[in-house]
Amino acid sequence: MNAFHLHLLEQADSIWHSILNHSFLKATADGTISNDTFKSWMQQDYIFVREAIPFIAILLAKSPLQMRSSFIEILAALNRELDLFRKNAETHGVELENIQPSPVCHAYIQFLLTTAYNGTFLDGFTLLYGAEKVYLDSWMEVKRNLKIQSPWQDFINNWTSSDFQNYVDWLGNNLDELVQSQPEKELQKLKDLFLTVARYEYLFWDMAMGDKKWPV
Ligand code: MP5
């Protein structure tokens with residue numbers, strides 16, 4: 001059998017295609033993205049990263065002993081990432097605190113937290129792999145198509161660094177090991193979770209390009 005993480009990517013292929021061709025990524029790469037659009041993505045992604053900390057903390061609590069120190073590292077990396085947002089917010093004049101999460105941002109975070117709380121370690125780990133792999137591939141696509149030096153270079157660098165690539169590889173390889181000897185029913189559940197996380201990631205780019213407000 002193919003590695004499980006490759007299997008997941010294969011079945012999510014059409015969603016991935018839609019993600020990598022999203023207008024937000026294209027406009028960021030060719031420099032036509034408006035400052036307001038990018039800044040409001042920053043506000044929403046800051047909330048996402050901030051709330052990813054409790055998500056990871058739940059996974060840490062459920063993690064096998066040999067993975068604990070890696071999860072502590074992941075938490076520390078997220079904390080550093082918040083500083084990257086704050087530094088860029090200062091440079092570009094973006095308000096980060098007291099921002100309401102958009103409906104999509106809110107729902108996505110709730111999905112992650114609920115799955116991590118109520119599901120198995122493997123459920124949450126599959127979501128983590130999906131979310132990080134989308135960001136790696138999305139920002140790699142931006143980097144590949146970059147026309148000019150971007151004002152948002154720090155973000156491009158953050159999710160295309162070799163450290164981040166190694167981290168995503170580590171997640172994929174560990175996922176392959178963790179699913180060994182899991183019954184088919186369990187694997188099917190993980191595949192469904194992976195599709196849902198990919199769909200939320202698509203919605204997140206869509207939201208970034210459009211309305212962040214609740215309609216009522
Ligand atoms: C990530 C992110 C990557 N920042 N935002 C979304 C919507 N999905 C994935 O996670 P991290 O923790 O910033 O690497």
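Counting starts at 1 for both ligands and their atoms, in listed order.
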Quiz prompt | W159 and W139 aromatic ring geometry - parallel, tilted or perpendicular at 30°/60° bounds | solution = parallel
Quiz item: Side chain of N21, backbone of H17: donor and acceptor closer than 3.5 Å?
Solution: yes
Practice problem: Identify, by atom number and element, the atoms of ligand 1 in contact range of A131, meaning under 4.0 Å from any of its heavy atoms. | Solution: 9 (C)
Quiz prompt | Taking atom 8 (N) of ligand 1 as the reference point, the nearest protein heavy atom with its distance | solution = E201 OE2, 2.6 Å
Quiz item: Does A52 reach ligand 1, in the sense of a heavy atom lying below 4.0 Å from it?
Solution: no
Self-check item: Taking atom 13 (O) of ligand 1 as the reference point, the nearest protein heavy atom with its distance
Solution: E81 OE2, 2.3 Å
Practice problem: Identify, by atom number and element, the atoms of ligand 1 in contact range of L78, meaning under 4.0 Å from any of its heavy atoms. | Solution: 12 (O)
Self-check item: Closest protein heavy atom to atom 2 (C) of ligand 1, given as residue, atom name and distance to 0.1 Å
Solution: Y135 CE2, 3.2 Å
Quiz prompt | Close approach, Y200 and ligand 1, non-hydrogen under 4.0 angstrom | solution = no
Self-check item: Closest to atom 5 (N) of ligand 1 among I109, D45, I53 (heavy-atom distance)
Solution: D45
Quiz prompt | Ligand-residue contact atoms, ligand 1 with F164, heavy atoms, under 4.0 Å | solution = 14 (O)
Practice problem: Measure across K191 and E184 and return the closest heavy-atom pair with its distance rounded to 0.1 Å. | Solution: NZ-OE2, 3.9 Å
Quiz item: Are the charged groups of R86 and D83 less than 4.0 angstrom apart, N to O?
Solution: yes
Quiz item: Just which atoms of ligand 1 are under 4.0 Å from any heavy atom in V49?
Solution: 4 (N), 13 (O)
Quiz item: Which residues satisfy the side-chain hydrogen bond (donor to acceptor under 3.5 Å, both in side chains) test with N145, sequence neighbours excluded?
Solution: E141
Self-check item: Salt-bridge criterion met for D30 and K26 (N-O under 4.0 Å)
Solution: no
Practice problem: List for me each residue that meets salt bridge (Lys or Arg N to Asp or Glu O under 4.0 Å) alongside D169, sequence neighbours excluded, and say none if there are none. | Solution: none
Quiz prompt | Polar side chain donor-acceptor pair, N173 to E177, under 3.5 angstrom | solution = no
Practice problem: May I ask you to identify the nearest protein heavy atom to atom 14 (O) of ligand 1, giving residue, atom name and distance to one decimal place in Å? | Solution: E132 OE1, 2.7 Å
Exercise. Report the part of V134 (side chain from C-beta onward, or backbone N, CA, C, O) that has a heavy atom under 4.0 Å from ligand 1; answer both or neither where that applies.
Key: neither
